[in-house]
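Below: one structure, written as C-alpha cells.
All heavy atoms count here, side chains included; hydrogens, waters and symmetry mates do not.
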Amino acid sequence: MRTTRSVPARPALLVTLALATAGSLLLAPGAAGADPQPVTREGSAVDDRAARAPASATRRALTADVAARTTARAYPRRQALSPDPENPGDKSLKLGLTPYHAIAPKLNALQRLGDRVSVEVTGRSAGGHRLYLVTVTAPETTRQARAQERMRELIGNTPAAAAKSREIKRDYKTPVFVNSNIHGNEWEGTDASLKVIERLATAKDAKTRDLLAHSRLYFNITANPDGRIAGTRANAAGFDLNRDFVTASQPETRAMRQIEIGTQPAVLLDLHGYVNGTLIEPTTPPHGENYEYDLFLKNSYANALGMESAVNALGYTPAKDGVEAAQIPFRDQEEGWDDWPPIFTPQYAAFHGTVAAHTVEIPLAVNNEEYDELPVPELRRRSAVNTAVAGAAIRATLDHVREHRGTLITDQIEVFRRGATGAAQVPVSAQTVPGVPGIGPEDVYTTVFPRAYVIPPVGARTQRSGPAAARLVDHLLANDVRVTRATRPFRLAGRTYPGGSYVVDMRQPKRGMANVLLADGRDISGKVSVMYDISGWSLGGLWGATVERVPSGSLRGAPLRAIGEAAPVAHLPAHGDLRLRLTDPREVAALNALLRQGVPVRRAADGNVIVPASARREARSAARAHDVAFTATRQNGTAPLNRLRVAAAVTPGELFALREMGFDVTPVSTDVLNAGFDWSGTDVLFVSAGLDHAALTASARRALDAFLDGHGLVGRGATGAALNAAAGLLAVKPVEGNADANGVVRVRNSGGITLDAPSHGFVYAPIWFTDLGPGVRVEQSYATGNPLVSGHWRPLRDGTGGPAAAAGQASVVSGGRTVLFGTEPLFRDHPKGEFPQVARALFTVAHSASVEESG
C-alpha cells in the first residue's frame, strides 16, 4: 500500500468499472460520469458469455498478413483510398461521431490539404476492414527518409554509437504514436485524432512548423474497426485487443506491433474511455520489473502533468458538465491500476524503447447501458466533451515532444544501451527520478537478467526442433528479439548443449522484451491486494518448448549464427506407417486436416495417432502445411478416429483456439439451445461459458440431457462443472478458488489426456475437484506446496480459496464420457502448450461414446 506519498493520495477504495460508472445514467451534469475512484477489473473476473464469432473471422485472423513498413521512402506518401459502402448501422452515428465508412474519404481529403499528411494501409482486421496509419511530418526526400531510417536503426541496434552521434541530436525526428479506438466501443480517440491531423495539415505557426520538422507523428486511426462499427469492445473474433500483445493472435495486434517495431516511438498515447475524471497514466504498483522504469516513469510523469493541465484547462466542471478533474494513478491512487503485465499497449511499447507511454481514459461513458438508455442529445454532448478531452491530451503531448525531444531520444538510447551492455537496472527513487513526488519502496520492481536463454532441439540426433520450439522462436523474432542457433554442440556455464539449439543472448537492446516473454515471472500475491488483469504469462512455461535459463557464463567463441526464422520442423520418414504426436496445437491441426480428407487414422496406445503408409501423400502435405514431423512406427493403433463436430459454449479465446487446431465448431449458448438446436450434427459438447442448465426451456433441457446421455462432455471452470452436476455425469465436488486469482501454476500430469503436457498450467479463477466418486480418474493435479509460480493468487478473507487449499488437489478429472478442467488451457489463445489437453479430451470422450454405441 502507498504510505510514503509526499502528496495527498486519494482514498484507495477498490471498485469495478461497473460500480465506478454507477449513477452515470442520471441526466444531471454532476452525475454524468464515473465516480472518480480507482478502477480495478473491467467487468466480471470470469468471462461467462458464450462466444459467437463466425468462423470467417478466425480464418482471417489466422491468415491475415500485416503490411511491411518500408520507411525509407519519401514523404508525403499519398494514396487514394477506395470508399467503403455506407453503413447506416454503424454504431458511431448515434453519437455524432465518424462512422467507419466515412474514414477513407476523410483521409483522402486530409491528404489533399498539403504535403504533410500520408496514409498507409497496415493490414485488415479480423472482420476484413482496412487498418489505416496516418503519418504527419514535414516533407522528406527519399534521401532524407533513408537518413531517418539509418538513424533509427543506429539507435535500436548500436545505441552506444547513437549516444555519441551529432547527426541524431541535430536531425533525428522524434517518433510519436497515437493509438485510437483499440476498444471498439470507446470511440472518441479516432475523432480527436482526425481533428488534430486536420489542424497539423494546414497550420502555419512557428510551433507547428518546428514540431513537424523535428518529429514524425503516427496515428493509428482506428485500431479496432470491427468493434467501432458494431459498438463492441472486442473485434470480430471476440478478442479484447488490449489483452493480446503477448500472444498477438489477432491481425490488428500484429499491425500495431509492426508499427511499433517499424517506427520505434519514443512517446505513445493509447486513447480509451471511460473513467471520470480523466485517467492519465503512469500507474499504481506493481510496475513491470523488466522495464527501465526509472526512464519510463521520469518521462511519463512529466508528460502526464502536461496532459492533466491541458484537460483541466478545458474548463469542464462537475456541476456544469459532470466532468471531474483529471487524475494520475501513480500520484492519486494506491493500487488497482498497474502496469505489471505487458498485455496492454503502453506497457508493451516500453519494450520497444518507448519512454513515455500512457493509457488515457476519457471521462464520460457513452457505451454499454448508457448507449442504449440515454437520449441521443445527451450521448452527443458527452461524445463532444470526450473528443475535446482526447484532443487536449494529444495536443499537450505534442507540445511536450516539441519541448523535450532531446531528452526523450537520449533516454530511449539509454534503454537500448543498458540492454546491449548488460547494465544493471536503476531502481526508482527520489534521487534517480527527481521531480516525481511520492516515490516509495512500493514502487521498486527490478529483476536480474540471465546471461542467456537456451531453447534446445527436441531430438539431438536429428538436429530437428519440435513445433513448440519453432513457434516460440518465430514469436520472439516477430517481437524483434534477436535469436541465434548453434551450428554444432557447445558448452555454456558448465553444460553441453546440442547443435541446433536456439540461444537468446540477453545482452541485446531489447532484453526486456526477451525476458518478459521467456522468464517464469514472479509471485506478487504479497505485494498488492488486487491486480487489474493477469499477473503471469510465461511463454517459457506455457508454450510447450523447453526453455533453460542460464544465469551466467560467456558466449564468446560459441558457434552461434543469427537467424531470421526458426528451422523447419516438417519431416516424413521414407517408409512405413507414420506416427504423429499430439503434444502441440500444430500437430492437432495436422490430424484434423487428415481426418477432413478421410484418411483412416487410428489412435496409438499412448494417445498419439497412427497414419497408414497409404496416406503418405496426405501426410506430406499436412507436415508441410502445419510444420510438424511424422516418425516411422510399427504400431498398428487401436480404434479409428473420426472427424469431430464440436458444439461449444465457450469464451472467444477458447473458440478461436479450437478453430486454430482445426476442429469443426458450432458456437452454442443458452439462447441457442432454447431456440431449438439440432444435436444430430454434433459429436461432443464443450462448455465453459454461457450455458445455464437451469435457464433452459423444458424441451431444450430434454434435448441436451438426451445428447449428454449418449455423447461426451468436456467442461471447464465453474460453468462446465455446474452442467456436469446438473446432468449427473461425473461424481466430483468442484471447489472454486479466489475468482480474482490468475497466473502460471505447477502441475503434476498423471493421465492420458495430459500425457506429455508441460509441467505448468494457467489458471484464472481456479477450480479443483474433491470427493471423487467411483471411476473418476485424476488426469492432473496442482503441485504440492505452493503451486503458484507467477501471478497473483490470495486466499479469500475467510482463509479459503488460496493456493495452499488447491495444493495437491485434482485440477483435471475424467470418467466415462466426461472430462472437467479446473485450469484454463485455452485462455485467450495464449497457453499454447496446454491446447492438446483439450484436443485429447474431445477425442477421448467422443471416442468413448462411439465405442459404447458400437458395442
Side-chain angles (χ1 to χ4, degrees), residues 55 58-64 249 457-459 462-475 543-545 565-646 656-665 683 755-756 826 829 832-833 835-844 846-847:
T58 302
R59 287 194 297 271
R60 277 191 291 265
L62 291 172
T63 60
S249 67
V458 171
T462 63
Q463 302 281 296
R464 183 175 293 110
S465 193
R471 178 195 301 103
L472 179 55
V473 167
D474 283 336
H475 192 69
W543 276 37
E565 62 181 354
V569 175
H571 175 71
L572 203 73
H575 306 287
D577 290 344
L578 308 169
R579 176 177 178 264
L580 177 65
R581 301 176 72 212
L582 295 184
T583 59
D584 186 88
R586 290 184 183 176
E587 292 164 338
V588 177
L591 167 61
N592 279 321
L594 294 173
L595 294 175
R596 279 195 299 273
Q597 298 173 72
V599 172
V601 180
R602 301 181 72 84
R603 292 170 61 94
D606 59 6
N608 296 303
V609 296
I610 309 300
V611 178
S614 60
R616 184 171 303 279
R617 180 177 60 83
E618 293 88 344
R620 180 178 292 107
S621 176
R624 291 173 177 172
H626 300 282
D627 197 27
V628 298
F630 290 82
T631 57
T633 183
R634 294 184 177 180
Q635 296 183 64
N636 294 322
T638 56
L641 287 180
N642 299 309
R643 180 179 177 184
L644 291 189
R645 299 163 298 176
V646 182
F656 190 90
L658 290 171
R659 287 172 170 163
E660 184 179 345
M661 288 188 287
F663 287 105
D664 296 323
V665 188
D683 300 305
L755 184 70
D756 294 329
L826 305 181
D829 193 48
K832 302 288 190 179
F835 289 12
Q837 297 177 39
V838 174
R840 286 172 178 257
L842 292 170
F843 279 115
T844 296
H847 174 72

For [Y], is there any backbone N or O sitting under 3.5 Å from a side-chain donor or acceptor partner on [X]?
{"X": "R596", "Y": "G662", "value": "yes"}
{"X": "D664", "Y": "R645", "value": "no"}
{"X": "R586", "Y": "A623", "value": "no"}
{"X": "N592", "Y": "M661", "value": "yes"}

Could you check whether any side-chain heavy atom of [X] comes within less than 4.5 Å of a side-chain heavy atom of [Y], counting everything from C-beta outward?
{"X": "P585", "Y": "R471", "result": "yes"}
{"X": "E587", "Y": "P467", "result": "yes"}
{"X": "T58", "Y": "V665", "result": "no"}
{"X": "V601", "Y": "E618", "result": "no"}
{"X": "D584", "Y": "V628", "result": "no"}
{"X": "P573", "Y": "T631", "result": "no"}
{"X": "R840", "Y": "T583", "result": "yes"}

Hey, could you give me the [atom1]/[atom2] distance between [X] and [Y], rounded to the nearest 0.5 Å?
{"X": "H475", "Y": "L472", "atom1": "NE2", "atom2": "CG", "answer": "8.0 Å"}
{"X": "L582", "Y": "L591", "atom1": "CG", "atom2": "CG", "answer": "5.5 Å"}
{"X": "Q635", "Y": "I610", "atom1": "CD", "atom2": "CD1", "answer": "4.5 Å"}
{"X": "H571", "Y": "F630", "atom1": "NE2", "atom2": "CZ", "answer": "11.0 Å"}
{"X": "R581", "Y": "D756", "atom1": "CZ", "atom2": "CG", "answer": "5.0 Å"}

List the atom of [X], the atom of [Y], and the distance in Å for their closest heavy-atom pair.
{"X": "H626", "Y": "A590", "answer": "CD2-CA, 3.6 Å"}
{"X": "V609", "Y": "L641", "answer": "CG1-CD1, 3.5 Å"}
{"X": "A470", "Y": "A567", "answer": "CB-O, 4.3 Å"}
{"X": "P612", "Y": "P600", "answer": "CD-O, 3.4 Å"}
{"X": "L755", "Y": "D606", "answer": "CD2-O, 2.6 Å"}
{"X": "L595", "Y": "N642", "answer": "CD1-O, 3.8 Å"}

Lys/Arg-Asp/Glu bridge criterion (N-O < 4.0 Å) met for D577, R602: no
Pair L826, F656 - check side-chain contact (heavy atoms from CB on, under 4.5 Å), show working. CA-CA 9 Å; L826 305 181; F656 190 90; over 6 Å; no
Test side-chain contact (heavy atoms from CB on, under 4.5 Å) applied to Q597 and R617, step by step: CA-CA 11 Å; Q597 298 173 72; R617 180 177 60 83; 5.6 Å; no
Given side-chain contact (heavy atoms from CB on, under 4.5 Å), test F835 with V588 step by step and report yes or no. CA-CA 9 Å; F835 289 12; V588 177; over 6 Å; no
Are more than 12 heavy atoms from other residues, nucleotides or ligands located less than 6.0 Å from atom CD of E565? no
